[in-house]
Amino acid sequence: MKKRPAAVPLFTVDPYFSVWSCADKLYNGYTKHWTEKPWPIFVGVYIDGTVHVIAGTDGDYKTLRNRMHQTDVQVTPLSTVYTFENSAAKVKLTFTTPLLLDRLDILTRPVSYMAYEVEVQKEEAEDVRFVFGISSQGCVNSHDQNIAFKKTPFSMSCGNIVQNPLAETGDRVTIDWGYLHLCDKDAYIAESPNMYCGIKTVGPSTDTRRIAQNFTLNKIYNAHSDMPYLYVSKEELSGVITVAYDEMKPIEYFHTQVDEYYTKYFDSFEAMIKAAIQEYPAIKKMCDEFDTKLMAESGALGENYEYITSLAYRQAIAAHKLIEDRDGNIVFLSKEDDSNGCIGTLDVTYPSIPLFLKYNPELVKGMLRPIIKYARSDEWIFDFTPHDVGRYPIANGQVYGNNKLKYQMPVEEAGNMLLCLAAVKKYKDGDTELFDANRELMEGWVKYLLEYGYDPADQLCTDDFAGRLARNCNLSLKAILGIAAYADLSEDMSYMEIAKQWAQNWEKDAKADHAGTRLTFDKGESWSIKYNMVWDSLLGYGIFSDEVKKNEIRVYAKKMNRYGVPLDSRATFTKIDWLMWSTCIWEDKEYFDKVCEAITNMINETTDRVPMTDWYDTKTAEYKAFINRSVVGGLFINLL
């Protein structure tokens, strides 16, 4: 099957530093931030007076002259590789963001690379230069804002003329503080005349040496009307260009503006950039080795699964920001992209953890710490677990539903916390440090599940987009397994006996008129994907019968549409994470292959050109909402 990603990751570092190609070809329109706001790049090869365009336009891209034809694009977990060709040259571009989960010193650098290789087809060519540009639009949230440019010892940079770090919160917003840097190793050697700024993108026949003719560094430019770019022009026919973003203060964590995590290792942004440039060969080697290993492991499960996980890897990680708290502990904060912009959301953490359990379970602890810290504060007044700790990038306390009781997810979040902690114990050599340090809090939450979890009252669960439900069988499942997780963590097996008895009761009470189980205890003809059941197998509890698990898979297989199994009997939409989790309820290779094929069909055939969605229609592949979210880390569950 030919692979055509709905969107291709280019520079994917964190929720703000995020550039994607949302087209079949890199030159088909402008590249974008995940919010779908334009963040254009320009790539071209200047040969004897003509610019052969690879990406970027000066008008109608459909009629652009001297365009190089894109011959291929390949996406691996850490890199995206494009190849282009025309009668003048061949070009290979490799976009790499080194999101190595076991190397936090590299992971937390706000840096991304683009390597280029140019092969000139004309032997008589005399003047050949490779040109790359990136628009300054990425450093403002609104296009009526103005931008200032400056030359540094290591870069050309630009930023909003009004610097007000952490002043903006919300969902589909982009950063409007800090500085975008286009970096080059030659900047340390000379005045670097190959680095400059220019107005609008390069046209197909523009001499790049004249781009900056009317541009001055001491002038203010408008992001929209002027569209100023940072440019680098290279005479070398192969090299590496480094793009970086200095947020200065990335997160406010419980009323304290914190520094970037990389400052643990470097005294300054410049020192970090210098290391990033110098270490590129070694970093790229590590990235390639990681890609080879992950793709071999996922590929052993099927070509489609390899494709899905390769697309999901950078997205899952880059929807986070890593910081350190006052005690020197890791805090790994997600942004709930394209949903409500919440930060550190627990029911976003829960579906994402398979990726992080596999490669660095300490990061899962880093996701749970802020929820626990907030729950221990006087501001949290409920006897169940919080949903979030604010709206990105401000993590000062929960904002979801204005903290009104009717908007909470009490059983959901209490179960999520206990299951996440139990998963850390299993995949991090018996680590119960967070549980042990907060045992009193955890005991209160398991008691909540004991009182209210088996037959939940009308409330929201993580699938809040589908509406409220009472007597939710899948939520009851989570409560039962949450109690089992508490028994595991506390080593108090009396709780496991309760969980076992509840599981037996559940199998009787949830049994549907068909072969599977119900959506709610009171609707015999209904059904739903029981994704929470996966932990019974993964954590080795075995409190639910093999028969009920096998019957679930049989029901799902019959409900399969071209793009997957619906979430439940209410609608035809699904959740991509829960769909993949369903393949781990019971091992059935035929069903797993069909799910992977359905997800691949969606990615390849959807007309919605956005970063991987996790909520879409199984009959039309139309995305409902939710793009660029960390929950696609859940697609790695089969590697556990």
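Going from atom CG of Leu10 over to atom SG of Cys22 covers 8.5 Å, rounded to the nearest 0.5 Å.
Judged purely by atom type and a 3.5 angstrom limit, Arg609 uses its side chain to pair as donor or acceptor with the backbone of Ala6. Of the possible donor and acceptor atoms, none in the side chain of Arg518 sits under 3.5 Å from a partner among the backbone N and O of Trp527. Put simply, the side chain of Lys37 gets close to the backbone of Asn141: a donor and an acceptor are under 3.5 Å apart. Checking side-chain atoms of Ser490 against main-chain N and O of Asp492 turns up a donor-acceptor pair under 3.5 Å. Formation of a donor-acceptor pair under 3.5 Å by the Asp608 side chain with backbone atoms of Glu622 is not found in this model. A donor-acceptor distance shorter than 3.5 angstrom exists from the side chain of Gln163 to the backbone of Gly178, with no hydrogens or angles considered. For the pair Arg471 (side chain) and Ser476 (backbone), a donor-acceptor distance under 3.5 Å is absent. Counting only distance, with no hydrogens or angles, the side chain of Gln459 and the backbone of Ala457 share a donor-acceptor pair below 3.5 Å. Not a single donor-acceptor pair under 3.5 Å links the side chain of Asp388 to the backbone N or O of Ile343.
In this model, no donor atom of one side chain and acceptor atom of the other lie less than 3.5 Å apart for Thr613 and Lys624. With hydrogens and angles left out, the side-chain atoms of Asp614 and Tyr623 include no donor and acceptor closer than 3.5 Å. No side-chain donor from either of Asn340 and Arg391 sits under 3.5 Å from a side-chain acceptor of the other.
One finds no salt bridge joining Lys619 and Asp617 here, because no Lys/Arg side-chain nitrogen approaches an Asp/Glu carboxylate oxygen to under 4.0 Å. Ion pairing of Arg369 with Glu362 is present here, as a side-chain N (NZ or NE/NH1/NH2) and a carboxylate O approach within less than 4.0 Å. In this structure, Glu247 pairs ionically with Lys321, as a charged nitrogen and a carboxylate oxygen lie closer than 4.0 Å. Looking at Asp463 and Lys575, no side-chain N of the basic residue comes within less than 4.0 Å of a carboxylate O on the acidic one, giving no salt bridge. Salt bridge status for Arg172 with Glu36: present, with a side-chain N to carboxylate O gap under 4.0 Å.
Remark: aromatic rings of Trp177 and Tyr16 are close, center separation under 6.0 Å. Two rings, from Phe573 and Phe465, have their centers less than 6.0 Å apart. Ring centroid separation for the pair Phe521 and Tyr454 comes in under the 6.0 Å cut-off. Here Tyr245 and Phe11 keep their ring centres 6.0 angstrom or further from each other. Between Trp39 and Trp34, the ring center distance fails the sub-6.0 Å criterion.
Other residues, nucleotides and ligands place more than 12 heavy atoms under 6.0 Å from the CZ atom of Phe382. Residue Lys365 qualifies as enclosed at atom NZ: its count of foreign heavy atoms under 6.0 Å is above 12. For NZ of Lys447, the number of neighbouring non-hydrogen atoms (other residues, nucleotides, ligands) closer than 6.0 Å is 12 at most.
When each of Val446, Ile372, Leu434 is tested with Met417 by the rule side chain to side chain contact (heavy atoms under 4.5 Å, CB included), just one qualifies, namely Ile372.
Under the 30°/60° scheme for interplanar angles, the aromatic rings of Tyr313 and Phe636 are found to stand perpendicular. Aromatic ring pairs are classed by plane angle as parallel below 30°, tilted from 30° to 60° and perpendicular above 60°; the pair Tyr350 and Trp578 is tilted.
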Could you go step by step and tell me if Tyr448 and Phe384 meet the ring-ring contact (aromatic ring centres under 6.0 Å, His included) rule? CA-CA 7 Å; Tyr448 188 92; Phe384 49 80; 5.4 Å; yes
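The cationic group of Lys425 does not satisfy the cation-pi geometry with Phe435, failing either the under 6.0 Å distance to the six-membered ring centre or the 45° limit from the ring axis.
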